[in-house]
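Note that ligands are numbered from 1 as they come in the structure, with each ligand's atoms numbered from 1 the same way. Just so you know, residue 1 is the first one in the sequence shown, and it goes up from there.
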Amino acid sequence: MATFMFTYAMVKQFFPYNFQAYLEKYFQKLVSFVYPYVEITFDEFSGERMKRSEVYDAIKSYLSGKSSASAKRLKADSMNNNQSVVLSMDYNEEITDEYQGAKIWWSANRIISNSQRIAWYPNDDEKKFYRLTVHKRHRELITDSYISHVIKEGKEIATKNRQRKLYSNNPSDNWYGYKRSKWSNVVFEHPASFDTLAMDSNLKEEIMNDLIKFSNGKDYYARIGKAWKRGYLLYGPPGTGKSTMIAAMANLLDYDVYDLELTAVKDNTELRRLLIDTSNKSIVVIEDIDCSLDLTGQREKKKKEEKDANDEKMNPVEKKAKEEEKKDSKVTLSGLLNCIDGLWSACGGERIIVFTTNYVDKLDPALIRRGRMDKHIEMSYCCFDAFKVLAKNYLEIDFHPLFKEIETLLGEIEMTPADVAENLMPKSDYDKEETCFNRLIEALKAAKEESIKKAEEEARAKAEKEEKEKQQSIKEEKDKEQSPKQDKDDETSAKEVKENGVAAKEVQENGVIH
Ligand SMILES: Nc1ncnc2c1ncn2[C@@H]1O[C@H](COP(=O)(O)OP(=O)(O)OP(=O)(O)O)[C@@H](O)[C@H]1O
Ligand SMILES: [Mg+2]
């Protein structure tokens, strides 16, 4: 061994580089001749660390079942709201598996790069991977069927243990280092469903069918050559159930929810990275898109800027302020659009993108054109249909004699489902249905009175404004009428002055008065 080590060191020291490469190649061949095993590694990240490998996760799930029985050192992750734990093997632990008579060794590994720095936190350059080792005579069996068997079973186990999550994006300072993750998550437990969602029943049916068709449409989307994505735009006044609808969608399809806070995203590259890091079967939500960023006005701003640059030379202070402003608006409209339906959109399928807004007119038409936001859903004020759903939810009642009055009032006055729900909710154990309905009727009547008052005030203000405008125009007319006469008078007097002036001159020159 000592001789070997010595020779190896000498070779490394003195032999030319090319020769070393040859030597290494033949050495590997020699080893493979003696060492009859094949090794396959599965890394945690694929694609230049951009995306977590699904195969790695599937293997992890597959091995968790096996390792809890045979491995000696295990890691525990909590599940179901800390009610139970899932065990997986710890690093540098090895377990065996059997498949059609072949023995397979699995090991969990971690390589930490040995850079010479002193850090408080564990190194963020660590690389995790699973390694499969098998005798080379089973090579075909492993590559042909075992790996796909592991992935399939792993995915099934993962689906069984799966808890739906609600993710929110981290600022990019947290993407590296000890707390490394782009998204933080909590278990998603919103109880909303389409049954409890108060809205027009036909529209509700339509949306549900649309969602189910989308989730079953993998082959269809592949055939028509479109990324397996669908965009929904939910718009309407505050409190009409836009966020509730998103929760109902996630519960219907059994999808995760990614709540993307655009203001925390620095630039387009970060946005792209975040979206690539979302999992399949997920809903990406951007709430209040009109407030998130100045996406709406950016095009207009650009135009204005160009004009500014052409028209006048800006002073340096102004220029600097403008540059600062530009730096501030980091995610651009085109960046967002590119992620939604540009080339990057095809990374990963089965995603739903939902935008919500209170003011649909404020949005740039490019952002919400069909193909990007395929379905526009207006969440409107509470109609009678919606009220019936709320009465069923809150008071478990299908019919009441007061319904007629409420129906008439709802036809006359606009009230959001949130307000209706608040009035319907019993405030104490002694509150009966009748009390709640009466409270709602009172509220509706009060709202009606208020709106009448408001309408009257508006009419009065309008009339006043019109009267003012009328007076103004009459005054202007009068001024105009007067002004030609005035002009004439002015002209005549000017002429007289001129003539007199000439006469005075002549007197001066000739000393004669005619
Ligand atoms: N259509 C609805 N069906 C059932 N409940 C509703 C509906 N609309 C509103 N609510 C109730 O009102 C509350 C507020 O609704 P939600 O947060 O969904 O409104 P929103 O449209 O997202 O408002 P915002 O525009 O301010 O975000 C919810 O907690 C829910 O209980
Ligand atoms: Mg909302």
Centroid separation F403 to F437 less than 6.0 Å: yes
Side-chain donor or acceptor of R110 paired with backbone N/O of K128 under 3.5 Å: no
Metal site the Mg ion (ligand 2), protein N/O/S atoms found under 2.8 Å: 1
Test item: S428 and D431 side chains (from C-beta on) under 4.5 Å apart, heavy atoms: yes
Over 12 foreign heavy atoms within 6.0 Å of OH, Y91: yes
Backbone of L197 reached by a side-chain donor or acceptor of K204 within 3.5 Å: yes
Near ligand 1, at a heavy-atom separation below 4.0 Å: residues by chain and residue number: T196, L197, A198, P238, G239, T240, G241, K242, S243, T244, N358, L390, Y394, P417, A418
F42 ring center near Y130 ring center (under 6.0 Å): no
Full working for salt bridge (Lys or Arg N to Asp or Glu O under 4.0 Å) between E350 and R230: CA-CA 8 Å; E350 216 171 350; R230 195 155 174 80; over 6 Å; no
Row check, F399 ring normal vs K388 NZ/CZ: under 6.0 Å, within 45°: no
Check: T278 main-chain N/O paired with R351 side-chain donor or acceptor under 3.5 Å: yes
